[in-house]
Amino acid sequence: IPLRLVGSEMCIRDSLDVDPASLPTPAFPLLGRDRVDFGRPVPVGVTTIGDPVAAEFKAHRALYGGQSGSGKTWAMRLPVLAAALDPTTELYIIDMKGETDWLPFARVATRVVNSGSTDDAMRVVDEVVQERRARSKAKREHGTVPGPLLLVIDECQNMPDWDGAKELMKEGRSAGISIVMGTQAPKGNAIPTDVSAQFDTRWCGKMHADWQWRLVLGDAMNRPEIDVTQVRGKGAGWLIDSDDNASLVRGYAVTDDEIVAALAGVPERGGRAVEADESVESVGDTEVLPVVEVPREDVPLLERVVAVWPD
């Protein structure tokens, strides 16, 4: 097995002739948990020699990339499921391609946009921007903010306006806001440079061209251990975590039905219920609402923390 030198340590490099997508993957470790602390590292998969890999997402900004069929969205859903299983974390999910991948989270998310409408998407981004400003004010005046907030934007290359996202990327962390974005077909100017430079966690599955890999992985593409030819199938990708560690990972696969079942006992967010309307969609045996916008009760900011943790 070839070796590579990392810093002052010699370690075993994943074998070049192993297809990570062909390896058996154990069940996602967080399934079956009653609750999860989103502040702890989230299991994201295993290496080609079977070692588990986890990464931190709370107070971080993550970018996922991969061509159609690479498993990019399924990989994105792992940290989002961890956040959804933490009852103190608010979820805002925007799916710019308007499909069903994110509907299993609808019951516990504050917002899920799956209409494919850029107007709907920008309205929710603006809402999170206002939330960020309110949280920052609360922190200045009271020294604290509500629990974590995770903003998810899938197919972010379709964003028509990046001003709100830029503010959140720059100022969101101090207000308890984490960000996960995904892109299927990045172009040279699809993600502004002053946004892409701020991602501290990156995952990239199979891509058509070298320059697309580079747009997602950034400067990590220059590292000698990064060999994109090793990513050969769905669910496999290179992960650069917030500590700048690089791992070739076979991601855990979690189905829609498994997500719905895992979240069945999780309290709804923000003290309000999601009520089904005429457009209820079925995921497995469970009905979930394809929410575009859900009215939110006028609850003071500092009262919106879900008090479910015993300590």
Side-chain angles (χ1 to χ4, degrees), residues 1-33 35-67 69-86 178 180 182 199-207 213 216-255 258-259 262:
I1 298 177
L3 300 177
R4 60 181 172 87
L5 187 65
V6 179
S8 60
E9 297 182 1
M10 186 71 76
C11 59
I12 297 177
R13 181 177 183 176
D14 292 331
S15 177
L16 293 176
D17 57 2
V18 173
D19 177 2
S22 69
L23 299 175
T25 304
F28 185 47
L30 300 186
L31 292 179
R33 300 279 187 93
R35 62 187 182 192
V36 168
D37 181 354
F38 185 50
R40 296 182 179 179
V42 177
V44 294
V46 295
T47 68
T48 57
I49 57 175
D51 292 337
V53 178
E56 295 183 351
F57 291 90
K58 182 180 177 182
H60 291 288
R61 298 165 297 278
L63 176 65
Y64 282 74
Q67 68 188 41
S70 66
K72 176 264 299 176
T73 297
W74 277 43
M76 283 180 68
R77 297 199 309 182
L78 299 178
V80 179
L81 179 54
L85 287 167
D86 182 340
S178 311
V180 173
F199 290 111
D200 57 11
T201 301
R202 299 168 183 266
W203 182 96
C204 195
K206 191 173 179 59
M207 283 290 197
W213 281 96
V216 176
L217 293 179
D219 292 340
M221 276 289 289
N222 299 324
R223 294 167 59 166
E225 68 267 33
I226 301 294
D227 180 358
V228 299
T229 65
Q230 292 178 276
V231 179
R232 303 171 188 165
K234 184 173 182 177
W238 276 104
L239 170 72
I240 312 297
D241 67 20
S242 58
D243 291 325
D244 209 32
N245 298 310
S247 303
L248 179 61
V249 177
R250 170 72 165 102
Y252 298 108
V254 183
T255 68
E258 288 174 326
I259 293 174

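Atom set for the values below is all heavy atoms of this structure, side chains included, hydrogens, waters and symmetry mates excluded.
Residues passing the side chain to side chain donor-acceptor pair (under 3.5 Å) test with Thr73 are Asp154, sequence neighbours excluded. For the salt bridge (charged side-chain N to carboxylate O under 4.0 Å, His left out) test, residues two or more places apart in sequence or in another chain that qualify with Arg40 are Asp37. By the side chain to side chain donor-acceptor pair (under 3.5 Å) test, Asn222 is found to be paired with Arg214, residues two or more places apart in sequence or in another chain being considered. Under the ring-ring contact (aromatic ring centres under 6.0 Å, His included) criterion, Phe57 pairs with no residue, sequence neighbours left out.
Rounded to the nearest 0.5 angstrom, Arg77 CZ and Lys72 NZ are separated by 11.5 Å. Distance check, rounded to the nearest 0.5 Å: CG of Leu81 to CE of Met76 gives 13.5 Å. Note that the CD1 atom of Ile240 and the CG atom of Asp219 stand 11.0 Å from one another [nearest 0.5 Å]. Taking CD1 of Ile226 as the reference point, atom CH2 of Trp238 lies at 4.5 Å (rounded to 0.5 Å). For the atom pair Lys234 NZ and Trp74 CH2, the distance stands at 6.0 Å (nearest 0.5 Å). We find the CD-OG1 distance between Gln230 and Thr48 to be 7.0 Å, quoted to the nearest 0.5 Å.
Side-chain atoms of Trp203 do not come within 3.5 Å of backbone N or O of Val216 as any donor-acceptor pair. Judged purely by atom type and a 3.5 angstrom limit, Arg33 has no side-chain atom pairing as donor or acceptor with the backbone of Leu85.
For the side-chain contact (heavy atoms from CB on, under 4.5 Å) with Val53, the qualifying choice from Val42, Val249, Leu248 is Val249, the only one to do so.
Across every non-hydrogen atom of Trp213 and Lys206, the tightest pair is CZ2-CA, 3.9 Å. Smallest separation of non-hydrogen atoms from Pro52 and Val46: CA-CG1, 4.1 Å. Minimum heavy-atom separation, Pro79 to Ala75: CD-O, 3.4 Å. Nearest heavy-atom pair across Leu31 and Ala262 is CD2-CB, 4.1 Å. Between Gly237 and Val231 the shortest heavy-atom distance is CA-CG2, 4.0 Å. Across every non-hydrogen atom of Tyr252 and Pro29, the tightest pair is CZ-CD, 3.6 Å.
Among residues at least two apart or in separate chains, side chain to side chain donor-acceptor pair (under 3.5 Å) pairs with a member in residues 49-60 are His60-Asp200. Residue pairs meeting the salt bridge (charged side-chain N to carboxylate O under 4.0 Å, His left out) criterion with at least one partner in residues 236-249, sequence neighbours excluded, are Arg223-Asp244.
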- [ ] Verify side chain to side chain contact (heavy atoms under 4.5 Å, CB included) between Val80 and Phe38, making sure each step is shown before the conclusion.
- [x] CA-CA 9 Å; Val80 179; Phe38 185 50; over 6 Å; no
